[in-house]
Structure formats: structure tokens, C-alpha cells
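Protein chains get the first letters and strands the later ones, always in sequence-line order, with residue 1 at the start of each. Values below: every heavy atom of this structure, side chains too, minus hydrogens, waters and symmetry copies.
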Number of protein chains: 2
Amino acid sequence: MVDTNTAVRAPEASNPHEACKAAVDTLARISDKWTVTALGALSEGPIRYSEIRHRIEGISQRMLTLTLKGLEQDGLVTRTMYPTIPPRVDYELTELGRSLFVPLHALYEWSRENRPAMLAARETFRRRGQHGSPRTRLTVTK
Amino acid sequence: MVDTNTAVRAPEASNPHEACKAAVDTLARISDKWTVTALGALSEGPIRYSEIRHRIEGISQRMLTLTLKGLEQDGLVTRTMYPTIPPRVDYELTELGRSLFVPLHALYEWSRENRPAMLAARETFRRRGQHGSPRTRLTVTK
DNA sequence: CGGCATCCGTATAGATACTG
DNA sequence: CAGTATCTATACGGATGCCG
């Protein structure tokens, strides 16, 4: 993995295949149960561990620690330890971390606009039970 | 669309908390192993089951079926059965499904630009082992 | 306070075999 | 061809307890 990926060159829409793989790859890293929520908690500036934990309802220490470590590892947040007693640790988004809010915001916008439709579709689907006559085309064109 | 969500009004950044929850919610629906890849396979127009399966390397029938059923349920794709022999089923993106490509593309763009940095950060992290002296601030300001 | 280790339940998804 | 059904492996995440 010594890079060498400067040669790929995705000119326009490229083939959706490659774009898809890249998106999937990023998704795989941020789509665990807490990562995005943690990013949200960090979005307002430096914040200490206990405060994050307080903001994210329902998260366990284990999951918060793991999530933060993952973010730190990927260069999305910085971790600053103050060796005081009692100890104190601050977390802060890096520039890279903040940049993630762009696609995240797009996702949020989509949710706001289209999720109701999605849930409605799901309701409809559930009610007709998909077994009745979902979309059987009898007029075989070819 | 019974909506009633016209009342929320996210003026500017709103509070990141709510935006975060919405984004997380959408993420939860598209971030299984195959959904986005399937959307990618569907992106070029109507396509039949076997062709999708052919395009998505490594997917099992079970997973493809489950993924497509999920997409259909959420109103992101339509399923059209041709009761011929042998049977044939076409899948096609709905308008809702296509609209998802907007945030997905944002994600793709982010990946293209920042993923190398992320992987590099990960490499660095792995090499210094995060135990040496990652970021201990001795100058306690307050 | 912040974090790690251990144990354990559950959800997700792969392999395989069978059906209309 | 386009699924369904069953079994199994494993990754994710929660609860608890200990440590610097």
C-alpha cells in the first residue's frame, strides 16, 4: 500500500463502480454505531471524555473509548492528555475530521427531505405484504 | 407523505445533535455490507437479478436478495417480475433511490480527496504505537 | 477521571442445499 | 433464473470489574 494511487485519475463520473467502492469504503469506517454521533459531539470544539460521554446518551465507556481511538487512529480527532490528578483528556476534531462534515451534511439534508418518504414506502410495503401483486408485468415487450 | 415535518426548520447549522441523529439514521439504513454497492450496480438503468449478481463480485444470492428486498421495501428500487419461463426480474432505481446519489457522491468525493490522508494517519499511528508520547500536554494552562 | 480486560449475547452475513 | 430455508461463523456491542 505504498500509495502509487496518484495515477488513477477519475475524470468525470468515472465508472460508478470505482466511485461506489470508494464510497463504500468510507462508509465502512464511519458507519458503526457511534462514530458519527461522536463526531457530532465533537463538532463544537475541544471537549473532554466525560463531557462526550454525557452528551451521547446510551454509550458505554468501552464503546466511547473504542470509537474515539478509532477516530484518533484515522487522524480525525486529536487526543490531548493532561497528566493531572484526576486525569483529564480532551478530544478535538482535526481539519480532516471537520472535512467529513461536508458529506455528512449532505446525508443529513437527504434525510430531512427524503426519509419521511422512505418510511412511508416501508409502511406501504408492509401493509400490502409484497406478496399480493407488487409489480408483475404481463405485457412482455420482447 | 403525511409529513408534518415542516415545523422543524433547521435555520443554519441547527444544533448538530438533531442533524447528527438524522444522518446516523440514514447511515444505519445504507451502511450494511452491500446496499451501496447494489445501488451502484443499479445506477445505470434497469437491470435484472442475474446481471446485478454478476456485477457485484463476492455477493451471495441470499445477500443480494435481502439487499434488494430492503431497497424495494424502502422505496428506493422497483422490482418488476416477468412471469416467463425461465423467470426474469428487473430492478430499477426509483426517483428516491436516484436522489440518494447526491449524498453518496459527496461521500465519494470526500473519499477521493481524504482517504489517502486517513490511511496515512492510520499507518503513522500504528507505527508509533500510540503509547510513546502521542500528545501529552505538560503545560497545563488552567 | 479515563481507560483497559474479560465475558457474553445478539445481529449480520457466508455456505450450502432445495424450490417454483 | 430467481429466489427460499437452514445452519454456522464472527464481528459488534453491552455489562462488569480492575488499574494508573
For this session: Work out which heavy atom in A/Ala106 is nearest to a heavy atom in B/Ala106; give both atom names and the distance.
Result: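 Shortest heavy-atom separation between A/Ala106 and B/Ala106 comes out as CB-CB, 3.9 Å.
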State which residues pass side chain to side chain contact (heavy atoms under 4.5 Å, CB included) with [X]; sequence neighbours excluded, sorted by chain then number.
X: A/Asn114; answer: A/Trp110, B/Leu96, B/Ser99
X: A/Ala121; answer: none
X: B/Val24; answer: A/Val36, A/Thr37, B/Cys20
X: A/Ser60; answer: A/Arg62, A/Met63

For this session: May I ask you to decide whether A/Lys21 forms a salt bridge with A/Asp25, counting only side-chain N to carboxylate O separations under 4.0 Å?
Result: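 Not counted as a salt bridge, because no side-chain N and carboxylate O are separated by less than 4.0 Å.
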Problem set entry | Base-contact (B) and sugar-phosphate-only (S) positions in nucleotides 15-20 of chain D, heavy-atom cut-off under 4.0 Å, - elsewhere | BB---B
Would you kindly give the [atom1]-to-[atom2] distance between [X] and [N], to the nearest whole Å?
X: A/Ile59; N: D/dC12; atom1: CD1; atom2: P; answer: 15 Å
X: B/Arg79; N: D/dC1; atom1: CZ; atom2: C1'; answer: 12 Å
X: A/Lys69; N: C/dC4; atom1: NZ; atom2: C1'; answer: 7 Å
X: A/Met63; N: C/dC8; atom1: CE; atom2: P; answer: 17 Å

Problem set entry | Residue closer to the 5' end of DNA chain D, B/Leu68 versus A/Leu66 (nearest nucleotide) |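 Between the two, 5'-proximity favours B/Leu68.
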For this session: Could you tell me the separation between the CG atom of B/Leu76 and the OG1 atom of B/Thr35, rounded to the nearest 0.5 Å?
Result: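 Between atom CG of B/Leu76 and atom OG1 of B/Thr35 there are 9.0 Å.
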For this session: Could you identify which residues of residues 29-55 of chain B place a heavy atom less than 4.0 Å from some atom of DNA chain D, listed by residue number, or say none?
Result: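 By residue number: B/Arg48, B/Tyr49, B/Ser50.
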Exercise. Any donor-acceptor pair under 3.5 Å linking the side chain of A/Tyr49 with the backbone of A/Gln61?
Worked result: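 Yes.
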